[in-house]
Amino acid sequence: MNIYKPTELSSINTSLLIPLYQKGPIPCELADYADFINTLDLDTGKLYHLAAPLKTPLKNAIILGLGKPEKMTGKKLGETIGTALRALDQSLCIYTDSVVHDGLPAKEAVWETAFASSFSSYEFEKIGSSKKKALEISLLSSDAVRPICEDALLTASCVNHARDLGNTPGNLMTPEELAKEAENLGKELNLTCEILTNKKLEEIGAGAILGVNKGSSHEACLITLSYQGADAGAPFTALVGKGLTFDAGGYNLKPASSMDGMKFDMCGAANVLCALELIARRKSEVNVMAVIGATENKIGPDAYTCNDVLTSLSGRTIEITNTDAEGRLVLSDALTWAQKKGACRIIDMATLTGACVAALGKNYTGAFTNSPEFLKELESFSQKTEEKLWQLPLDEDFHKMVMESDVADMTNCVIGKGAGSSLAAAFLEEFIEEGVEWIHLDIAGSSDFSEGRPWMAKGASGVLVRTLGEMYRE
Ligand code: BES
Ligand code: MN
Ligand code: ZN
């Protein structure tokens, strides 16, 4: 996305969108219109097209009301800009300097504006011949705030990348394709990338992910993409993602209404991959790896079934009581692998349970942890980005229920006890070793929106890419 300097005003070919507060200062480009602008009601979201002939290099301008400055917050500003952008549905250049006021410093105001310009104008490009021509969105910013705009646009590009991966249908975004995405990022950003497929997974004994994979004609992929921005001796954090490129449920087949949307079951993987991309592109001084378990959950002559017992990479055995509780199986091997690779802090992200959507709805991500301090740290960043988290309970009682099996160490699904999200979290925690700090994020609700928002296209949301980027900005 182009960032124009004020001196390049005459080379901007699109309309300029100028956000203005009520009684706020009027930028010098609009000095000739000050009297007219002072008559406008600049309530939040109001739009005015300036049609008068202009003496300045400025061509068409659209004024966007921002309301009272003291009422504006970073998030509200982003939503206001985004809503206008999507409603106007035309190529635009967004003037960033007028969004700053005493309560909203440049770093926040300009950042949110630039981020919203890119995030809100995202649209998944249709597959086929009816492709809509992408709108041209750009920024007009003074040199002083250019680095802020650049960081915001970089962030948005990584969030939008995650949305693209999530929105791509399962027949195209296969496990191998997801692995290729990681490989390409590795090549471009000089990261270490390791991809284990079935033969190798059998050798190391990753029986949980392989069990889920048996109903799929695609190989399973255990992907590790590693970024070392700090000293080699500094500890690694692993971002672990659930990468079910399609979840039909297996022999515990999903009903039609629940199966629709299951291409989004790899959003955890997409989001951790693109969070790592953001961290690496920023050259943050941290050591972080993304570990992704990718496969499909389908049916077929060899697909796993209820009553099967799988031996996980950790050596522990799991009785299958429901083939649709596949995410925790794939994650258990990915979590073990991350620890074998030396991670001592882990954040996993997964579209894990419908129960999480029932409990928290679409706007909240469910959070579980074995380390309240670690979660507090994450929350300090998620509060800033307003990507909402809500902690749900996890204790011994849930572990006891998970460990009740007649034939194996544990079951993958406890039936008829409720608390589906906590039971899934307890299952995952069984694979966390002593001394490892861990957070589990259930994004089953927040991963995608079937209806979109006035400031946001429908489909995958890229949730928490931004928050993780902030946490590992350093
Ligand atoms: N991918 C689903 C969870 C899901 C449900 C995500 C709805 C997004 C929207 C997961 O693999 C699943 O099927 N979970 C089961 C677990 C159950 C069998 C214990 C569920 O939530 O029904
Ligand atoms: Mn499932
Ligand atoms: Zn699933």
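Remember, it's 1-based here, ligands and their atoms both numbered in the order they're listed.
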Just go through [options] and tell me whose heavy atom is the nearest to [atom].
{"atom": "atom 14 (N) of ligand 1", "options": "Asn297, Asp442, Leu423, Leu352", "answer": "Leu352"}
{"atom": "atom 9 (C) of ligand 1", "options": "Glu326, Met262, Arg328, Lys254", "answer": "Met262"}
{"atom": "atom 18 (C) of ligand 1", "options": "Asn322, Val357, Asp247", "answer": "Asn322"}

Item checked: Part of Ala444 within contact of ligand 1 (heavy atoms, under 4.0 Å) ->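 The answer is both.
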Is there a polar contact between ligand 1 and [X], counting only N or O atoms under 3.5 Å apart?
{"X": "Lys242", "answer": "yes"}
{"X": "Thr353", "answer": "no"}
{"X": "Cys413", "answer": "no"}

Note to self: Please determine whether Lys242 has a backbone or side-chain N, O or S atom lying under 2.8 Å from the Zn ion (ligand 3).
What the structure shows: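 Under 2.8 Å: Lys242 contacts the Zn ion (ligand 3) through an N, O or S atom.
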Note to self: Between Asp324 and the Zn ion (ligand 3), is there a contact where an N/O/S atom of the residue lies under 2.8 Å from the metal?
What the structure shows: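 Checking the Zn ion (ligand 3) against Asp324, no N, O or S atom falls under 2.8 Å.
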Notebook entry, point to check: Against heavy atoms of Thr351, which atoms of ligand 1 measure under 4.0 Å?
Noted result: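 Atoms satisfying the 4.0 Å criterion: 1 (N), 2 (C), 3 (C), 6 (C).
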Note to self: A side-chain contact here means heavy atoms from C-beta on lying under 4.5 Å apart; do Thr237 and Val286 qualify?
What the structure shows: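 When only atoms from C-beta onward are counted, Val286 and Thr237 do not touch, as no gap falls below 4.5 Å.
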Item checked: Partner of Glu112 by salt bridge (charged side-chain N to carboxylate O under 4.0 Å, His left out), out of Lys384, Lys75, Arg466 ->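 Going through Lys384, Lys75, Arg466 one by one, the salt bridge (charged side-chain N to carboxylate O under 4.0 Å, His left out) with Glu112 is satisfied by Arg466 alone.
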Checklist line | Listed protein N/O/S atoms, distance to the Mn ion (ligand 2) under 2.8 Å | finding: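 Result, waters dropped: Asp247 OD2, Asp324 O, Asp324 OD1, Glu326 OE1.
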Notebook entry, point to check: Is a salt bridge present between Glu79 and Lys76, judged by a nitrogen-to-oxygen distance below 4.0 Å?
Noted result: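 No.
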